[in-house]
Protein chains: 2
Amino acid sequence: MPEDNPTTAVKRRVRRGSGRVTLADVARAAGVAQMTASRALNSPETVNPDMVERVRQAVIETGYVPNLLAGALASARSLLVAVIVPSIASTIYLEFVQSLRGALASKGYQVILGESDYEHQLEPALLDALIARRPDAIVTVGAVRSKEGRKRLLASAIPVIETWDMPAQSLDMVVGFSQPAVGRAAAEYLLGEGRRHVAIISANDDRAAMRAQGFLEAVKERDSAARVESVSIAAPSTLGEGRRALADLLSRATPPDAVFCTSDMVALGVLTEAKSRGMKVPQELAVMGYGDMNFAADTDPPLTTIRADGKVIGLQAARLIFERASKDVAERVVDVGFSIVRRASA
Amino acid sequence: MPEDNPTTAVKRRVRRGSGRVTLADVARAAGVAQMTASRALNSPETVNPDMVERVRQAVIETGYVPNLLAGALASARSLLVAVIVPSIASTIYLEFVQSLRGALASKGYQVILGESDYEHQLEPALLDALIARRPDAIVTVGAVRSKEGRKRLLASAIPVIETWDMPAQSLDMVVGFSQPAVGRAAAEYLLGEGRRHVAIISANDDRAAMRAQGFLEAVKERDSAARVESVSIAAPSTLGEGRRALADLLSRATPPDAVFCTSDMVALGVLTEAKSRGMKVPQELAVMGYGDMNFAADTDPPLTTIRADGKVIGLQAARLIFERASKDVAERVVDVGFSIVRRASA
DNA sequence: CTGAAAGCGCTAACAG
DNA sequence: CTGTTAGCGCTTTCAG
């Protein structure tokens, strides 16, 4: 007879806990129900102040540190945000990640890092690994282009923010600016300064390619007969690549009188190479960068560059995440624009 | 009577799941028990191949993505590693974080990012926030100095790896090298090259201070009457800080004939300032950096610097984490050393 | 090798 | 405002 009977008690499947202090321990120590302890910690305004005090005391006594794994599972809110950058080593997105992480941390969110590699398309495996953590949002640098990637993100129902770009078909939310417009602006600036034979040194990643495309189009529009030199370098772009790219350009039949570079680091390489050859910048060669990195104002000569404010992108992305979490209808697209920082090099 | 009786059925507390596909759905689709599905995915070698195949098929059909929050809670293994850097924006640790993240990812671990700020001591709040995620390891850049921080880490029973340093009192595991030894090596190198009036430009963070100390000690040991100039700059160190620091040094009564810089970026600033003043490097001024960043070989002149291989530190840290996880007794201390990369600037 | 039950530590939902 | 109960989705444990 399968009757529950004390003498034929079912064998206990033993499974002891981690041995760590749990919320139940805190509740016991404070002499309240576990749920009250939970509320005292997470929404103290809904609990009698005395109880809150007792619970806080108990937390200190016991050395309790909540288990967010359990909390996230129970509440379906992980307070985790996945951030996918092309490469951790690429300095361009550092301030962005930093400001995003900081803003998120202020509301209890944590950041989990993904790396997509410039070369490979955002791999489904990477995406699945991140989705498996059930982040409350996924932030990607650049638009998600791969069909499979879009599909998985959509299926996951996790809010997505694509950044540093302005995709025609956004997945969900966007915080960025037009990459081709950056290239156009650079071309117009250099041409407007009277340069006649412009060049572009561009890395072979998605966004750099878009800038290059905008640059070339703008030059052609202004003067369909214009010659544009172009050098492609590998990402991540370094000072050395910049030096070699300029050497390449200068070895051509008609050397350029202006160069737009895919990044400030490359521009610094161009500056270095130019100076080592005794060329005068900007007289003989105008040099323009992209990124306005923290050294751009202090190069010799100071670097004219295009500034896209990573800090702002990070902050705006965080804001959208907060709004979405609180069910306020978040905007879907934020164009943070960019600006030309005019210094002496161009 | 509180007897369980069908007609007075207890009211159902409704709590529907997330609506997502769960392992139970997969098991159902595959016609196996949930536990078998779990095993088929996590330890396929323990399951009949046919079953594995059926489960895999079901995963694809259903679009199942595991919920690692639940898995982590149940198994007490989060496959999460917390990495604490002083500042995300500081380029020195980029390769380290990248290689660490990559190595961990290859075994299914993910990285969650913490930032300690150079200025504040590792804050208990940051630590608690990370511990709350129950990471399988915590990796810190630099030794954990604060008493409270050490206490919490110890109490958490989470494996800790302190990196980029060689603390006398390590908390648990260490992968690094002696920071004072770096300073000594730099001093000995410059003095050995015949420099007589050396200077140091040092940021005011923990590790830079240790290098500076080693530098000063070594100089004194060699020649107790030696004069050493010293400039302190704010972290994070930039090219501009380097320029200004050199300007400062040159304005002093007896300008130095050699400078050791807290980072390559600062050294690049020194190079820039020297060149803009028409000084000859290394003839009039030897310049030495620290970090061997990717631009160091391509500056003009190429930068002599001290290389500590962040990539190796990351890899070694990952290895220790794996070993500890598999219960092999992991080593506790790995000294990865450093090397002087001799180039033209000094 | 496969399955059933129990429970990881927390919060949602409901009842008082 | 406080408490009770029932899960969240997975894996451990034990039994077959």
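Residue numbering restarts at 1 for every chain, and letters A, B, ... go by the order of the sequence lines. Below, all heavy atoms of this structure are taken into account, side chains as well, without hydrogens, waters or symmetry copies.
A close approach under 4.0 Å does occur between a side-chain nitrogen or oxygen of B/Thr36 and OP1 or OP2 of C/dG3. Considering only side-chain N and O atoms, B/Ser38 lies under 4.0 angstrom from the phosphate OP1 or OP2 of D/dT11.
As a whole-Å value, the separation of A/Arg134 CZ from D/dC8 P is 14 Å. Regarding B/Leu69, its CG atom lies at a distance of 14 Å from the P atom of C/dC10, rounded to whole Å. If you take CG of B/Leu68 and P of D/dC8, they are 18 Å apart, rounded to a whole angstrom. When rounded to the nearest whole Å, the span between CE of A/Met35 and C1' of D/dG7 equals 13 Å. The nearest whole Å value for the distance from the CZ atom in A/Arg54 to the P atom in D/dC1 is 15 Å. Following rounding to the nearest Å, A/Ile131 (CD1) and D/dG9 (P) show an atom-to-atom distance of 16 Å. Here the P atom of nucleotide C/dG3 and the CG atom of B/Asn48 are 10 Å apart, to the nearest Å. As a whole-Å value, the separation of A/Leu73 CG from C/dG7 P is 17 Å.
For A/Glu45, the CD atom is densely surrounded, since the number of other residues' heavy atoms within 6.0 Å is greater than 12.
The side chain of B/Gln34 lies closest to D/dC10, out of C/dA4, D/dC10, D/dT4. Distance from the side chain of B/Thr22 is smallest for D/dG9 among the nucleotides D/dG9, C/dG3, C/dT2. Nearest to the side chain of A/Ala74, among C/dG3, D/dT2, C/dT11, sits C/dT11. Taking every side-chain heavy atom of A/Leu23 into account, C/dC10 is the closest of D/dT4, D/dT12, C/dC10. Nearest nucleotide to the side chain of A/Tyr64, out of C/dT11, C/dC10, C/dG3: C/dC10.
Mapping B/Arg39 and A/Asn67 onto DNA chain C via the closest heavy atom, the residue that lands nearer the 5' end is B/Arg39. When each of A/Ala70 and A/Val47 is assigned the nucleotide of DNA chain D bearing its nearest heavy atom, the one mapping closer to the 5' terminus is A/Val47.
A/Asn42 places no side-chain N or O within 3.5 Å of a backbone atom of A/Arg39 that could act as its donor or acceptor partner.
Put simply, the residue from A/Val312, A/Ile161, A/Leu320 that forms a side-chain contact (heavy atoms from CB on, under 4.5 Å) with A/Val334 is A/Leu320.
Remark: A/Lys107 is positioned above the aromatic ring of A/Phe322, its terminal NZ or CZ atom under 6.0 angstrom from the ring centre and at most 45 degrees off the axis.
A salt bridge is defined here as a Lys NZ or Arg NE, NH1 or NH2 lying under 4.0 Å from an Asp or Glu carboxylate O, and B/Arg324 with B/Asp172 meets this definition.
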